[in-house]
Amino acid sequence: MWDVIVLGGGAAGLYAGIEAARRGRRVLVIEGNRHPGEKIRISGGGRCNFTNLGISRATISERFLSENPRFALSALSRHPARAFLDRLEAAGIEWTEKALGQLFCAGSAREVVDWLVSDLRGAGAELRPSTTVGDVTRAEGGFAVATSGGTERAAKVIVALGGKPIPKMGATDRGLRIARAFGLPVVDTRAALVPLTFEGGLREEMAALAGASVEGAVRADGPAFADGLLFTHRGLSGPSVLQASSYWREGAPVEVDLAHGTDLADALAAQRQAGGRMGVATALARHMPERLAKAVIARAGIAGNLADQSNAKLSALERAARAWTVQPSGSEGYRTAEVMRGGVATDALDPRTLEARSVPGLHFVGEVVDVTGWLGGYNFQWAWASGWAAGQAV
Ligand SMILES: Cc1cc2nc3c(=O)[nH]c(=O)nc-3n(C[C@H](O)[C@H](O)[C@H](O)COP(=O)(O)OP(=O)(O)OC[C@H]3O[C@@H](n4cnc5c(N)ncnc54)[C@H](O)[C@@H]3O)c2cc1C
């Protein structure tokens with residue numbers, strides 16, 4: 001009989017296990033993969049964007065999506081980015097800040113995995129890899145956990161089984177199934193931080209531009225995100241699109257601005273003044289890649305030199321470039337999504353302990369909970385903070 005079994009040896013599970021073991025609990029962490037922390041290892045292009053300095057009381061409810069955006073506040077303010085960073089620095093891991101408060105390892109994401117595993121073992125917890133978790137049921141004194149290696153029992157269970165993205169890396173919906181089996185509500189799930197796909201003529205237009213990128217701004221049913229935008233063979237990707245995808249729902253349009261921050265009609269009018277014999281495509285290509293400029297002009301139905309264009313035509317061109325409304329047919333789905341929206345409903349959990357209100361001793365942490373962060377280190381910070389909070393409580 002263990003004091004605590006942590007299901008899942010990813011970001012949230014490792015962190016929760018460390019906290020619980022340091023507090024003297026007998027802890028078993030069960031992980032399906034041969035190696036724990038696989039998503040940490042591949043994250044941030046192998047550098048792990050492990051937190052974000054932009055997380056504050058003022059930004060949390062905007063930057064973490066949930067049916068109850070204030071739910072994440074308790075854990076995130078009790079174990080903020082700075083607290084994680086202090087530990088990472090104490091472990092001797094060097095880091096670097098990129099744009100928008102995003103902190104990455106200066107070396108490799110493997111350092112984070114190695115550090116967490118070493119702290120977990122150092123705290124006295126047992127890590128059991130290559131072991132699949134099945135059903136969890138109530139048993140005398142706590143819970144019984146069915147695994148591929150037999151049944152384990154514990155007084156308390158922390159479910160840190162992550163979300164559905166990237167099944168080929170071991171992702172399963174087991175965490176959601178455990179929640180449902182205990183009667184907990186689950187908010188509908190869908191792929192988020194994911195490239196958007198298109199059909200028909202739009203897909204052909206985008207495929208012809210595959211590989212082209214611009215600084216764009218993209219908005220679905222939420223804020224506009226200004227960042228890189230990349231055309232792919234199936235549609236749109238890049239950070240601005242991934243961010244907007246978290247707010248997108250099937251059937252809704254997306255607004256794309258291909259010349260973010262540029263007053264295009266004014267700029268083109270000034271170019272017309274300076275040398276009107278320049279072709280419109282050449283003029284627009286000063287603001288975006290040439291093949292994209294050609295595509296925008298074709299879509300706006302404009303041809304000829306700048307001198308031939310009325311102000312109304314230049315405004316129409318600006319609209320074609322900066323207010324392009326497109327309707328995705330879908331997304332690349334869990335195959336490539338970075339995160340899952342939805343999950344165990346926050347109403348069912350205590351925000352301080354992440355314990356199910358109706359099932360004392362059963363906690364849910366990390367991505368399996370209905371808390372989804374923006375791109376840029378937000379999701380790992382939620383995993384650390386929620387894991388920490390549950391680890392303090394068991
Ligand atoms: C390609 C990619 C890049 C990313 N980059 C970043 C980034 O740079 N910054 C950021 O903040 N976020 C990033 N994320 C998101 C981040 O990885 C997740 O939000 C985070 O890992 C969630 O932590 P978790 O512990 O809840 O889940 P996970 O880390 O997914 O851990 C869950 C664990 O449970 C195990 N498991 C699942 N089912 C079972 C089962 N039935 N039996 C046994 N074990 C099981 C899994 O193998 C996994 O190890 C990225 C995600 C992806 C896919």
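Both ligands and their constituent atoms are indexed starting at 1 by order of listing.
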Q: Run the contact test for L193 against ligand 1 with a 4.0 Å cut-off on heavy atoms, strictly below, and give the result.
A: no
Q) Can you check whether G32 has an N/O within less than 3.5 Å of an N/O in ligand 1? A) yes
Q. Is the closest heavy atom of A337 to ligand 1 under 4.0 Å?
A. yes
Q. What residue and atom, counting heavy atoms only, is the protein's closest point to atom 13 (C) of ligand 1, and at what distance?
A. F380 CE1, 3.7 Å
Q.
Within the structure, is a non-hydrogen atom of E31 found at a distance of less than 4.0 Å from ligand 1?
A. yes
Q) Below 4.0 Å from any atom of ligand 1, is there a heavy atom belonging to A160? A) yes
Q) Which heavy atom of the protein is the closest neighbour of atom 1 (C) of ligand 1, given with residue, atom name and distance? A) I42 CD1, 3.5 Å
Q) How are the rings of Y247 and F225 set to each other: parallel, tilted or perpendicular (split at 30° and 60°)? A) tilted
Q.
Can you report which non-hydrogen protein atom sits closest to atom 51 (C) of ligand 1, along with the distance?
A. E338 O, 3.1 Å
Q: Report the nearest protein non-hydrogen atom to atom 9 (N) of ligand 1: residue, atom name, distance rounded to 0.1 Å.
A: N49 O, 2.8 Å
(Q) Residue-level breakdown please: for L161 versus ligand 1, do any non-hydrogen atoms fall below 4.0 Å on the side chain, on the backbone, on both, or on neither? (A) both
Q: Taking D350 for its side chain and R352 for its backbone only, find out whether a donor-acceptor pair lies under 3.5 Å.
A: yes
